Amino acid sequence: MGAVVTSELAPRLDPRAIEPLRYGRWMDGGYFHVPASDVLEEGRDPYVIVIPPPNVTAPLHMGHGLNNTIQDVLIRWRRMQGRATVWVPGTDHAGIATQNVVERAIASEGLHRSDLGREKFVERVWAFVDVTGKTILEQLKAIGASCDWERTRFTLDEDLQQAVREVFVSLYEKGLIYRGEYIINWCPRCLTALSNEEAEGEETQGTLWHLRYPFAESSIPAARAAVEAGATSVGYFSDGRWYLTVSTTRPETMLGDTGVAVHPDDERYKALVGARVELPLAGRQIPVVADDHVDPAFGSGMVKVTPAHDPNDFEIAQRTGLLPIDVMTPDARMNEAVPPAFRGLDRLEARKAVLAALREEGLVAGDETHTRAVPHCYRCHTVVEPRLSEQWFVKMKPLAEPALQASRDGTVTFTPRHWQRVYEHWMENIRDWCISRQLWWGHRIPVWYCPAGHVIAARQDPTSCPECGSKELEQDPDVLDTWFSSQLWPFSVFGWPQETDDLRAFYPGHTMVTAPEILFFWVARMIMMGYEFRGETPFTEVFLTGTVRDIKGRKMSKSLGNGIDPLEVVHAYGADAMRYTLVSQAAVGTDIHLDHENVEAAFANGRNFANKIWNAGRFALMSLGDAPVQQIGPVAEHLQLEDAWIISRLQRVTAQATEDLERFRLHEVAEGLYHFFWGEICDWYLELIKARLAPGADAGSREAARATLVLVLDRAFRLLHPIVPFVTAELWARLPWPVGVPRPDDLIVAPWPEPDFEHASHEVERTMAGLQELIVEVRRLRKEYGVPEGERITIHVTGGPDGFLDTVSEQAAGILQLARVDRIRAERGTGVGAHGVLSNGTELFVPLEGVIDLERERQRLRDELGRLRGLVEGTRKKLANEAFVSRAPEEVVQKERDRLTQLEEQDSKLRAKLAELEGEGS
RNA sequence: GGGCGCUUAGCUCAGUCUGGUUAGAGCACCUGCCUUACAAGCAGGGGGUCGCUGGUUCGAGUCCAGCAGCGCCCACCA
């Protein structure tokens, strides 16, 4: 592509005109796909990311935008570094979440899933996820994600189902999966069991009621004994009966009480153990038992035991031999086990009814407000009901051990680091995982039951019972927790349990980029499964991104209506704009704030930067023209200060960007490159070489500028490419190329720059900094003294480091242009004018006879002298401090001395100037 | 109840690990410019007792302790 086309470049970047085409070219070029043979046969070094598969419940939101942009930045960077990069895309069937969405959809047709039946309902879900799944993948393409689309997976794909089966059966055979009746978290709306992680505690203010349970006639002596032992929560009833007091936040569960527990060492209640109390309303007697779990210091020190509706009570019951009585239906209504008056009532209605009935009998001793974490279903937010139920569980402790060790010994690292401790704490206290779900959408549990009660867990559907030969097998109706399949993702996507080439080439992977919310749900479990089934970690780095929030700090969510659609942003401002905006805010451990009410303002920074890159490129292409461009070598003798400077800066920026990428400091990468490109290349370098690129300029100087410009833009585009891939690739493709240098096919596979410190020079950078300061100072003085824009002036410069003035003189053309100065005289200026001093000691003087107000200038000098005196005093004081001089490093002290000398010189010069002016005006 | 994090400019945040020029950025604000790449721009400028108190140190935004406010995670106090 020749530079001729450059004249066609629009003055404004139009992302819609370039992004889809560019993406199409990348796809056509096959740049996103790396075959396993590259690693296995050619020995290339792999770099693998598996996408956190988005749920097929809905199109992507900005959180996905952030997460996937980060992954793409890492993938593009590693690809340019020459790694055999594979980024596996895909989607998650999201069991409970998707089932809910489809249930809502058919509800609008007046249908319930039971109206359709399992098979038809699942067909509906498939129809839904086919659409959403495709939408999601298209969205990823729109934001520029360079995924290996040939490896796209869905967690319900046929081969992934095989992986799930293999894992289930294998864990079952090892005794790590078991079935049993325990208290689980039950969502009465979704009508399924949930894992502990899926029941989200939410601080809720409720009421703690104190209830009286009367003693049975035969136990009154025990009650008396307890009172004598100091039991304050045991006493007379108004009608002469004896009672004890227990507390509860869920009074309706009292109907299922089968005991009251006290601590075995609680002296007050020792006499009560074995006593019997009347369970009010239920007309049953229940025993008092002793159990270590009871905290004597809390409440009355007596606990009502409801084994079927509370996990602790269940355990107490198991230890003490109490039997559970289930008093609720799956949808949390009171069942047949309760007195007729309460049957059929919803748990909250029942709560009111039970309290009313108890009050009537005078059995409510009181209440108090009570704050506690009430568990809610993470998908529908219904209050979870602890429920006794037969479910499948995974025994986690043995699985957790290697995964915990991996964190402790640094095999797996976490960024930000503090998540490591969170992870380890969870791992150390891990509890068994309830994996069965009473849903229709998901991986069916690969277990069959025969009429004789035999349980068959099988990799292939069995036709008869291996134990009794029965052919009347029935498969377990439940499906698995959606995370059961997600946890296999890092190896199931590569074809496991088959020993595929992909698996050998790309497992283990490298970086897991995800949200902290799913550290336990997903990340921890992937690591456990990695060790269990592959013997090694699925990835070595876990990078946890921030949360995308609105301007008020609220998490963006569909229900709050404060979300921003990534596609909308891409269409309006381009993927580059969105990516830069997100990445530049992605400081490690920090959330991202975007104004959903002013999307334009939210993404203006990124849009402006992309446009700036575009225009710089446009200028360069127009200025460079069609003539051949040289490499730096042949034009070395013509390089000017600014050429050497920008090349030097390039080396440092390259090194810094690489280091920051390695440490996931993406915010620093983005801002560092932004500053380099906009603040140094555009604001200084391009401006300084404009005159040299012009037609009449010296040929040697022009070729040096052209060569430098091409070099610097090429490298800058490479460095920026991972963050803003489209605009950089578009310009890079049109950039003239130095003769004799092989040109990569596309920027996407251009090698990542290596810093070359041979071409970096602090001396050059210092000199250039002085020059920049000089120009800024002249501009400032011009502005301060109101010199009209169009009016050219002369400046006088003196002092400063050796050689600085010579260099300045050599660079006169550039300075003259940037500062709008007529000429520079290396001599001391006199008369009325404006004074400036640079930090390297150079003084400048702008003669302004007739322009400035003398009185104002005198006042300015007096103010300046006052400020200087303060600085001089401070520095002297510091140097007079013996401790400082003797203990601080010599270079620090010397710096202070130099500073003092400089300040004193300035002071005396200003004094002289002031004296001069005072003589002149008055 | 346990653990963790945050507090720096009007706003959103870097900088703290490894103490050392005048504490930075983007946005917002003020002033002047349609200067032939870019007004989505250019140039200049204002704005900070670095949450509070104390300590270590020649020197603290940075290290230590305490306090306050905010936030997150975990947890079986009925």
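By convention in this document, chain letters (A, B, ...) are assigned in the order of the sequence lines, proteins followed by strands, and residues within each chain are numbered from 1. Owing to the predicted nature of the structure, the values given are computational and were not obtained by experimental measurement.
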What side-chain donor-acceptor pairs closer than 3.5 Å can you find for residues 413-420 of chain A, not counting sequence neighbours?
{"residue": "A/Thr413", "atom": "OG1", "partner": "A/Thr540", "partner atom": "O", "Å": "3.4"}
{"residue": "A/Gln420", "atom": "NE2", "partner": "A/Ser407", "partner atom": "O", "Å": "3.3"}
{"residue": "A/Gln420", "atom": "NE2", "partner": "A/Glu424", "partner atom": "OE2", "Å": "3.0"}

Problem set entry | A/Glu252-A/His309 side chain donor-acceptor pair, cut-off 3.5 Å | no
Exercise. Which whole-number value in Å describes the distance from A/Glu784 CD to B/rG46 P?
Worked result: 10 Å
Exercise. Has the side chain of A/Trp614 got a donor or acceptor atom that lies under 3.5 Å from a matching backbone atom of A/Ala10?
Worked result: yes
For residues 675-682 of chain A, which side-chain donor-acceptor pairs fall under 3.5 Å, sequence neighbours excluded?
{"residue": "A/Glu680", "atom": "OE1", "partner": "A/Arg649", "partner atom": "NE", "Å": "2.9"}
{"residue": "A/Glu680", "atom": "OE1", "partner": "A/Arg649", "partner atom": "NH2", "Å": "3.1"}
{"residue": "A/Glu680", "atom": "OE2", "partner": "A/Arg649", "partner atom": "NE", "Å": "3.0"}

Problem set entry | Closest-nucleotide ordering on RNA chain B, the 5'-leading residue of A/Pro296 and A/Ile775 | A/Ile775
Exercise. Would you say A/Arg779 reaches B/rG44's phosphate, i.e. side-chain N/O to OP1/OP2 under 4.0 Å?
Worked result: yes
Seminar exercise, completed: Applying salt bridge (Lys or Arg N to Asp or Glu O under 4.0 Å) to A/Asp591 and not counting sequence neighbours gives A/Arg549
Exercise. Given atom CD of A/Gln318 and atom P of B/rC76, what is their separation to the nearest angstrom?
Worked result: 17 Å
For this session: Indicate, with a heavy-atom threshold strictly under 4.0 Å, whether A/Asn605 touches base, sugar-phosphate, or nothing.
Result: sugar-phosphate
Problem set entry | Ion pair check, A/Lys555 and A/Glu517, cut-off under 4.0 Å | yes
Could you list the protein-to-nucleotides 68-75 of chain B atom pairs, N/O on both sides, closer than 3.5 Å?
{"residue": "B/rA75", "atom": "OP1", "partner": "A/Arg431", "partner atom": "NH2", "Å": "2.7"}

For this session: Would you mind reporting whether A/Trp684 and A/Leu771 have side-chain heavy atoms less than 4.5 Å apart?
Result: no
Exercise. Across the strands shown, which category fits A/His675 at heavy-atom distances under 4.0 angstrom: base, sugar-phosphate, nothing?
Worked result: nothing
For this session: Give one of base, sugar-phosphate or nothing for A/Val246, where a contact means two heavy atoms less than 4.0 Å apart.
Result: nothing
Sub-3.5 Å pairs of nitrogen or oxygen atoms, protein against nucleotides 30-35 of chain B:
{"residue": "B/rU31", "atom": "O2", "partner": "A/Lys783", "partner atom": "NZ", "Å": "3.2"}

Problem set entry | Gap between atoms CG and P, on A/Leu673 and B/rA14 respectively (whole Å) | 19 Å
Exercise. Charged N to carboxylate O below 4.0 Å: is that the case for A/Arg665 and A/Asp660?
Worked result: yes
Exercise. Taking the C1' atom of each, how far is B/rA40 from B/rU18, in whole Å?
Worked result: 40 Å
Exercise. What ring pair (Phe, Tyr, Trp, His ring centres under 6.0 Å) pairs are there with at least one residue in residues 585-605 of chain A, not counting sequence neighbours?
Worked result: none
Exercise. Taking atom P in both B/rA75 and B/rU57, what distance in whole Å separates the two?
Worked result: 44 Å
Problem set entry | A/Lys612: salt bridge (Lys or Arg N to Asp or Glu O under 4.0 Å) partners, not counting sequence neighbours | none
Problem set entry | Value in whole Å for how far the P atom of B/rA78 lies from CE of A/Met254 | 18 Å
Exercise. Do A/Glu668 and A/Arg663 meet the salt-bridge criterion of a basic N to acidic O distance under 4.0 Å?
Worked result: no
Problem set entry | Pairwise C1' distance for B/rG15 and B/rG61, with rounding to whole Å | 9 Å
Exercise. Does some side-chain heavy atom of A/Leu709 sit less than 4.5 Å from a side-chain heavy atom of A/Leu686?
Worked result: yes
Exercise. With sugar-phosphate meaning primed atoms plus P, OP1 and OP2, does A/Glu668 contact a base, only sugar-phosphate, or nothing at under 4.0 Å between heavy atoms?
Worked result: sugar-phosphate
Problem set entry | Short N-O contact, A/Glu773 and A/Arg780, less than 4.0 angstrom | no
Exercise. So what's the dot-bracket for RNA chain B: Watson-Crick or G-U pairs under 3.5 Å, [ ] if a pair crosses, | if it pairs off-strand?
Worked result: (((((((..((((......[...)))).(((((.......))))).....(((((..]....))))))))))))....
Problem set entry | Atom-pair distance (CZ on A/Phe414; P on B/rG5), nearest Å | 16 Å
Exercise. Using the benzene-type ring in the case of Trp, are the ring centres of A/Tyr423 and A/Phe520 under 6.0 Å apart?
Worked result: no
For this session: Would you indicate whether the side-chain heavy atoms of A/Arg607 and A/Leu13 approach each other to under 4.5 Å?
Result: no
Exercise. Looking only at atom P, what distance separates B/rU8 and B/rC42, rounded to whole Å?
Worked result: 29 Å
Exercise. Quantified in whole Å, what is the P atom distance between nucleotide B/rG71 and nucleotide B/rA28?
Worked result: 29 Å
Problem set entry | Partners meeting salt bridge (Lys or Arg N to Asp or Glu O under 4.0 Å) with A/Arg779 (sequence neighbours left out) | none
For this session: Give me the residues of residues 304-312 of chain A where at least one heavy atom lies under 4.0 Å from an atom of RNA chain B, by number, or none.
Result: A/Asn312
For this session: With P as the reference atom in both, quote the distance from B/rG2 to B/rG66 in angstrom, rounded to an integer.
Result: 14 Å
Exercise. Closer than 4.0 Å, any side-chain N/O of A/His418 to the OP1 or OP2 of B/rC6?
Worked result: no
Exercise. If we take the C1' atom in both B/rC30 and B/rG10, what is their distance in whole Å?
Worked result: 14 Å
Exercise. Taking the C1' atom of each, how far is B/rG32 from B/rC17, in whole Å?
Worked result: 44 Å
Problem set entry | Contact pattern, 5' to 3', of nucleotides 36-42 of chain B - B, S or - by protein heavy atom under 4.0 Å | -BB-BSS
Problem set entry | A/Leu666 CG - B/rA14 P separation (whole Å) | 13 Å
Exercise. Would you say the side chains of A/Asp257 and A/Tyr213 form a donor-acceptor pair under 3.5 Å?
Worked result: yes
Exercise. Rounding to a whole Å, what distance do you find between A/Asp291:CG and B/rC77:P?
Worked result: 16 Å
Exercise. What residues form a ring pair (Phe, Tyr, Trp, His ring centres under 6.0 Å) with A/Trp186, not counting sequence neighbours?
Worked result: none
Exercise. Starting at OH of A/Tyr580 and ending at P of B/rA25, how long is that distance when rounded to a whole Å?
Worked result: 13 Å
